[in-house]
Amino acid sequence: MAIRFEFDPTCLPEIMRSQQVRGALRAQAEEIVPRAKALAREEIGEEFADSIAVSEEVRPRGRPTAKVIADREDAADHEYGSSNTDRRRVLGRAARTREG
């Protein structure tokens, strides 16, 4: 006996809003936070590391997101560099580093 499954794309918005999907997104972001904080402490300082956290939002078309942010005015300068600040890419590097 074969079971046939056919995906109905009209249910995708409901799936994306589900607690399971939002929880999985947050869990992925939470895995990045300790690595980002460790890099920040080592390369920038404790105050910068303390500003790193997970931010959740729902995009205008209903797609949920969870991202790791540094909530400081100079965060973009440290991430991408500026005329006065070296480029560190703390968040980008932490996101690329996977354990196990």
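Sorted by first and then second residue, the pairs that involve residues 50-94 and meet ring-ring contact (aromatic ring centres under 6.0 Å, His included), not counting sequence neighbours, are Phe48-His78. Sorted by first and then second residue, the ring-ring contact (aromatic ring centres under 6.0 Å, His included) pairs involving residues 7-37 (not counting sequence neighbours) form an empty list.
Qualifying side-chain contact (heavy atoms from CB on, under 4.5 Å) partners for Glu42, counting only residues two or more places apart in sequence or in other chains: none. Looking at residues two or more places apart in sequence or on another chain, you find a side-chain contact (heavy atoms from CB on, under 4.5 Å) between Arg87 and Arg89. Not counting sequence neighbours, the partners of Glu46 by the side chain to side chain donor-acceptor pair (under 3.5 Å) test are Arg41. Evaluation of the side-chain contact (heavy atoms from CB on, under 4.5 Å) rule for Glu43 yields Leu39, Arg88, Val90, Arg93 as partners, not counting sequence neighbours.
Remark: Arg63 CZ to Leu12 CG distance equals 11.0 Å, nearest 0.5 Å. Note that CG of Asp74 is 11.0 Å distant from CG of Asn84, once rounded to the nearest 0.5 Å. Between atom CD1 of residue Ile15 and atom OG1 of residue Thr10 there is a gap of 9.0 Å, rounded to the nearest 0.5 Å.
Here the closest heavy-atom approach between residue Arg22 and residue Val58 is recorded as NH1-CG2, 3.7 Å. Contact between Met16 and Pro64 at its shortest, heavy atoms only, is O-CG, 2.9 Å. Residue Ile69 comes nearest to Ser55 through the heavy atom pair CD1-CB, 3.9 Å, listed as atom of the first residue, atom of the second, then distance. Closest non-hydrogen pair, Ala66 versus Glu56, comes out as CB-CG, 4.0 Å. The two residues Ala40 and Ile52 have their closest heavy-atom pair at CB-CD1, 3.8 Å.
Within a 6.0 Å radius of CD in Glu57, other residues, nucleotides and ligands contribute more than 12 heavy atoms.
The backbone N or O of Leu91 sits less than 3.5 Å from a side-chain atom of Glu79, completing a donor-acceptor pair.
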